Amino acid sequence: MAMWNRRAETLSGTELDKVRDSRLAKTLRRAWTSERYRAILAKGGVSSVDGVSSIADIVRLPFVTADDLASPDSPFPLLCVGYRDILEVHRGSGKPFATPYTKGDLLVWAECVARAFSAAGASQGDRASMPDGEGFFTGDSFGLYHGARKAGICSVPHGEGALSVVYECSHSAIRNVRTGESIALLGIPETGGIGTIGCECSRHDGFHVWEDCIYPEIIGGELVVTTLCLEAQPLVRYRTGLKARFVSREKCPCGRTSPRIEILGDALG
């Protein structure tokens with residue numbers, strides 16, 4: 001079965017542990033540069049991140065919530081880079097805060113969405129229509145465009161009938177126009193946008209989580225995520241508010257070794 005990044009999408013448990021541990025350590029060092037992050041960690045009883053050496057230690061860290069991302073004093077309370085390093089800013093629909101992106105963050109977003117295009121069966125030279133309207137300003141179209149470009153797929157404006165498209169993108173899925181087959185993408189503005197948490201494969205048996213880029217926990221039925229690659233505003237144990245469950249941690253028949261989750265509801269409460 002086609003994959004954009006076969007090595008990353010089929011990592012063994014030992015290989016994945018090494019990648020996650022290294023990226024978690026780097027993420028925590030970056031978060032420690034933020035005064036606001038240090039205050040959150042200190043409130044949770046963490047005086048230093050040096051003792052968190054592996055994913056297994058993550059349970060020692062406090063949670064970050066949406067309230068931590070909204071502040072009247074700063075547009076980006078958990079910013080861990082200088083303003084000159086921000087290349088794009090997007091605001092999620094209905095969110096009281098915006099998400100900043102560095103060049104590196106955009107490359108990660110493109111990587112995640114390129115994987116989703118491959119999972120949908122798309123390949124270099126195909127054409128895909130991009131969603132228009134509000135999604136353009138909230139970031140979905142940007143993410144889909146970045147991913148399509150990385151995968152060598154031509155992005156076409158929605159409704160451009162003169163150009164026959166093979167794939168049609170919405171704010172949550174990629175659909176093959178010829179077969180009617182579609183796969184859903186999972187991501188929220190806080191984690192970087194559409195597709196940054198994962199996507200379905202052709203089996204439609206849960207979302208494959210890109211665990212080399214984002215670490216999922218399900219605590220009390222809620223999806224909690226730690227980003228492992230974001231630079232501008234990394235998230236440590238972020239409470240998404242989404243109801244979820246693990247479908248399986250076993251290798252999928254599609255060949256991907258990442259865990260699969262099911263979203264059971266839009267939000268807790």
Side-chain angles (χ1 to χ4, degrees), residues 11 13-83 85-86 92 95-102 104-105 108 187-193 196-198 209-244 246 249 258-259 261 267-269:
L11 287 170
T14 301
E15 293 171 323
L16 183 58
D17 285 344
K18 291 179 179 178
V19 171
R20 292 185 310 190
D21 291 352
S22 173
R23 291 181 176 176
L24 175 63
K26 187 173 182 179
T27 294
L28 292 177
R29 289 195 298 270
R30 183 179 295 277
W32 196 253
T33 65
S34 161
E35 182 179 353
R36 182 76 175 268
Y37 246 129
R38 289 197 300 273
I40 293 171
L41 292 169
K43 189 175 180 179
V46 178
S47 59
S48 171
V49 295
D50 294 337
V52 183
S53 59
S54 71
I55 282 289
D57 297 325
I58 204 169
V59 295
R60 297 167 48 192
L61 301 174
F63 297 112
V64 169
T65 69
D67 290 341
D68 295 313
L69 297 177
S71 169
D73 303 319
S74 171
F76 314 119
L78 300 182
L79 188 66
C80 295
V81 299
Y83 277 91
D85 294 318
I86 298 174
K95 299 287 184 179
F97 47 78
T99 302
Y101 298 78
T102 64
D105 294 338
V108 171
I188 56 177
E190 300 94 305
T191 62
T196 51
I197 295 178
V209 178
W210 310 132
E211 207 170 15
D212 59 319
C213 298
I214 192 163
Y215 180 69
E217 301 173 87
I218 295 179
I219 301 175
E222 179 181 13
L223 178 62
V224 175
V225 297
T226 297
T227 60
L228 301 176
C229 297
L230 290 186
E231 297 174 341
Q233 193 164 259
L235 299 177
V236 177
R237 303 197 83 195
Y238 180 71
R239 299 185 59 171
T240 66
L242 297 173
K243 298 178 183 178
F246 279 110
R249 287 187 173 276
S258 51
I261 64 173
L268 294 173

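Positions are given from 1 along the sequence. What you are looking at is a predicted structure, and each value in this text was computed from that prediction instead of being measured. The analysis underlying the following values was restricted to heavy atoms, covering all of them including side chains, and did not include hydrogens, waters or symmetry mates.
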Residue set satisfying salt bridge (charged side-chain N to carboxylate O under 4.0 Å, His left out) with D17, at least two apart, ordered chain then number -> R20
Residues in salt bridge (charged side-chain N to carboxylate O under 4.0 Å, His left out) contact with D68, at least two apart in sequence or another chain: none
Gap separating the [atom1] atom of [X] from the [atom2] atom of [Y], nearest 0.5 angstrom:
X: E190; Y: L69; atom1: CD; atom2: CG; value: 6.5 Å
X: L242; Y: I261; atom1: CG; atom2: CD1; value: 8.0 Å
X: R30; Y: L78; atom1: CZ; atom2: CG; value: 13.5 Å
X: E217; Y: F246; atom1: CD; atom2: CZ; value: 8.0 Å
X: R239; Y: I219; atom1: CZ; atom2: CD1; value: 8.0 Å

Could you check if a side-chain atom of [X] sits within less than 4.5 angstrom of a side-chain atom of [Y], using non-hydrogen atoms only?
X: D212; Y: R23; result: yes
X: L79; Y: I86; result: yes
X: I214; Y: L235; result: no
X: P75; Y: Y83; result: yes

Test item: [X] side-chain N/O and [Y] main-chain N/O as donor-acceptor pair under 3.5 Å:
X: T191; Y: T196; answer: no
X: S74; Y: F76; answer: yes
X: T102; Y: D85; answer: no

Applying side-chain contact (heavy atoms from CB on, under 4.5 Å), name anything that partners [X], two or more places apart in sequence or on another chain.
X: R29; value: A25, K26
X: S47; value: none
X: T226; value: L24, I58, Y215, L228, R237

Identify each donor-acceptor pair in which a side-chain atom of residues 35-45 lies under 3.5 Å from a protein atom, sequence neighbours left out, and give them as a table.
residue: Y37; atom: OH; partner: P234; partner atom: O; Å: 2.5
residue: Y37; atom: OH; partner: V236; partner atom: N; Å: 3.1
residue: R38; atom: NH1; partner: W32; partner atom: O; Å: 2.7
residue: R38; atom: NH1; partner: T33; partner atom: O; Å: 3.4

